[in-house]
Number of protein chains: 2
Amino acid sequence: MSKQERISWQAVQNEVRQRISQRDWKPGDFIPHEADLAQELGCARATVNRALRGLAEAGLLERRRRAGTRVTLNPVRRAEFAIPLIRAEIESKGQRYAHSVCLREMRLPPPDVQARMQVPANVTQLFVQTLYLANGAPYVFESRWINMTAIPAVRDEDFATFSPNEWLVREVAFDGGDFTFSAITASSDEAAMLSCRAGEGLFVLDRTTRHAGQVITSVRLVFHPGYQMHTRI
Amino acid sequence: MSKQERISWQAVQNEVRQRISQRDWKPGDFIPHEADLAQELGCARATVNRALRGLAEAGLLERRRRAGTRVTLNPVRRAEFAIPLIRAEIESKGQRYAHSVCLREMRLPPPDVQARMQVPANVTQLFVQTLYLANGAPYVFESRWINMTAIPAVRDEDFATFSPNEWLVREVAFDGGDFTFSAITASSDEAAMLSCRAGEGLFVLDRTTRHAGQVITSVRLVFHPGYQMHTRI
DNA sequence: AAGATGTATATGTATGAACATAATGACGTG
DNA sequence: CACGTCATTATGTTCATACATATACATCTT
């Protein structure tokens, strides 16, 4: 008697991945029930469940009670990317980090920002513009609105040691956000800030951050020319 | 005796989320062991494990054997975005989809593409340029290299009914890819294709798709001015 | 003091059993 | 035929138990 090999849920996942990849099970097909698979592969149903649940989370399978499990017809590929601190992003490239606050004042937000932040129309909010530098060269220019009602402690902060980005991450918990990626054509102001020519294409990230139902901050990051955001699946 | 309430793993997750959110457990803190939590909350350790595993996957907790579980110090926020078919993306906005193949020929890839695709230097590959239209207006311009060695069947395909994007998704399985997002300044060629002015900032997605260790295709998508990519967490 | 070895411990995984839940499909009623 | 009812069934969850595995920490060796 050879020693009984224990089947791990990862092994089950690989087996299922292979069968899908080799088109044994084609997109749209129902695959065998958990109980059948468990018996075939020689493991408990819970193990099969663990494996299939993971594949469903990854979007490769679709599962419905009573109906069964089928291979996703048009797998919507999902990519995931990390949103690091700007400091961490710069330092991870081995470059020297610095930031300087260009502007910090109370100001009435324009209507689009009011809407995004869900704040009343006649209340001023904190507006901060910051330039982040890598090895002394402009890296990204940040224009940020901060909800003073939600974060009163920010009133006494000058962001000299900690940038707005870093300060908020450290001080304020958040649980959700919207992200919009786009490209803009550099205006002369933006070109001046980033030391590039007006008219260059620049990568832009707009982000709105929430906590407990409130909008904490709304920020636009305009990156230096040639900036790339990378991810893989 | 009141009926015993069963504790679900979601309930455990919510409890833990709250304690983190309310800073009962601060970033960097160790949280109680699974066994202790299970006893405190009145459920099995497996249930706590299920809950904490999920939070660790979400990046909120860090777990290490023997060491224990701690609240992530600088939670790297991860956003996930879907990568739909171009047809689906256009039609989901209620617009009319169309595409037209501008160029289709065998060609020797430039060195950077050779490197990305991991193909020999002296072998020609299929090069296809396609314009995708929404309600008749240019939506995105695609320049694609297809690995003929990996996908010989593509030799007889003219991409009239199915665009390269759609054809490949339908015909070829894939299991990985690299994504690079950036912004470019429109050249006069690109401006002509997308009916915009030269010099406008354009959003660009470069993607390389793999299957079974081989690179299937490498593609650059140049989007129309004003295009936005959205996601939320 | 530096390095090798051993042990305790927290998380990770596997299992069988039981029950929960959703949803399909069959059946019966108006 | 339209519609509500109900049994069936596949996935979803909980539990107790057992064992696996990584690793922090103590202890022993040189």
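Order of the sequence lines sets the chain letters (A, B, ...), proteins ahead of strands, with each chain counted from 1.
Nearer to the 5' terminus of DNA chain C, by closest-nucleotide assignment, is the contact made by Ile7(A) (compared with the other of Ile7(A) and Arg64(A)).
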Between the protein and nucleotides 3-8 of chain C, list every N/O to N/O distance that falls short of 3.5 Å.
{"residue": "dA8(C)", "atom": "N3", "partner": "Arg66(B)", "partner atom": "NH1", "Å": "3.2"}

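Taking Phe181(A) as the reference, Phe81(A) meet the ring pair (Phe, Tyr, Trp, His ring centres under 6.0 Å) condition, with sequence neighbours excluded. Every residue two or more places apart in sequence or in another chain that forms a side chain to side chain contact (heavy atoms under 4.5 Å, CB included) with Arg19(B) is listed here: Glu15(B), Asp24(B), Trp25(B), Leu37(B), Glu40(B), Leu41(B). Under the side chain to side chain donor-acceptor pair (under 3.5 Å) criterion, Thr209(A) pairs with no residue, sequence neighbours left out. Judged as a side chain to side chain contact (heavy atoms under 4.5 Å, CB included), and not counting sequence neighbours, the contacts of Pro120(B) are Asn122(B), Val123(B). Phe174(B) is linked by a ring pair (Phe, Tyr, Trp, His ring centres under 6.0 Å) to nothing, counting only residues two or more places apart in sequence or in another chain. Take Thr47(A) and apply the side chain to side chain contact (heavy atoms under 4.5 Å, CB included) test, not counting sequence neighbours, and it matches Trp9(A), Val12(A), Cys43(A), Ala44(A).
Between the side chain of Glu157(A) and the main chain of Phe159(A), a donor-acceptor pair closer than 3.5 Å is present. Judged by distance alone, with hydrogens and angles left aside, the side-chain atoms of Gln228(A) form no donor-acceptor pair with the main-chain N or O of Ser182(B) at under 3.5 Å. With Thr69(A) contributing its side chain and Ile31(A) its backbone, the two residues share no donor-acceptor pair below 3.5 Å.
Look at Arg63(B) and you'll find a side-chain N or O under 4.0 angstrom from OP1 or OP2 of dG12(C).
At the heavy-atom level, Gln10(A) lies under 4.0 Å from the strands shown only through sugar-phosphate atoms.
When the C1' atom of dT15(C) is taken as reference, atom CZ of Arg6(A) falls 7 Å away, rounded to whole Å.
Where DNA chain D meets chain A (any atom under 4.0 Å from a heavy atom), the bounding nucleotides read 5' to 3' are dT8(D) to dT13(D).
Side-chain contact annotation: Tyr139(A) with Glu89(A), donor-acceptor N/O pair under 3.5 Å present.
Using a 4.0 Å cut-off on heavy atoms, none of the residues of residues 24-37 of chain A approach DNA chain C. Residues from residues 44-58 of chain B with heavy atoms under 4.0 angstrom of DNA chain D, sorted by number: Ala44(B), Arg45(B), Thr47(B), Arg50(B).
Pairs engaging residues 26-48 of chain B under the ring-ring contact (aromatic ring centres under 6.0 Å, His included) rule: none recorded [sequence neighbours left out]. Residue pairs meeting the ring-ring contact (aromatic ring centres under 6.0 Å, His included) criterion with at least one partner in residues 41-76 of chain A, sequence neighbours excluded, are absent.
Contact check on Glu91(B) versus Arg87(B) returns a salt bridge, with a Lys/Arg side-chain nitrogen under 4.0 Å from an Asp/Glu carboxylate oxygen.
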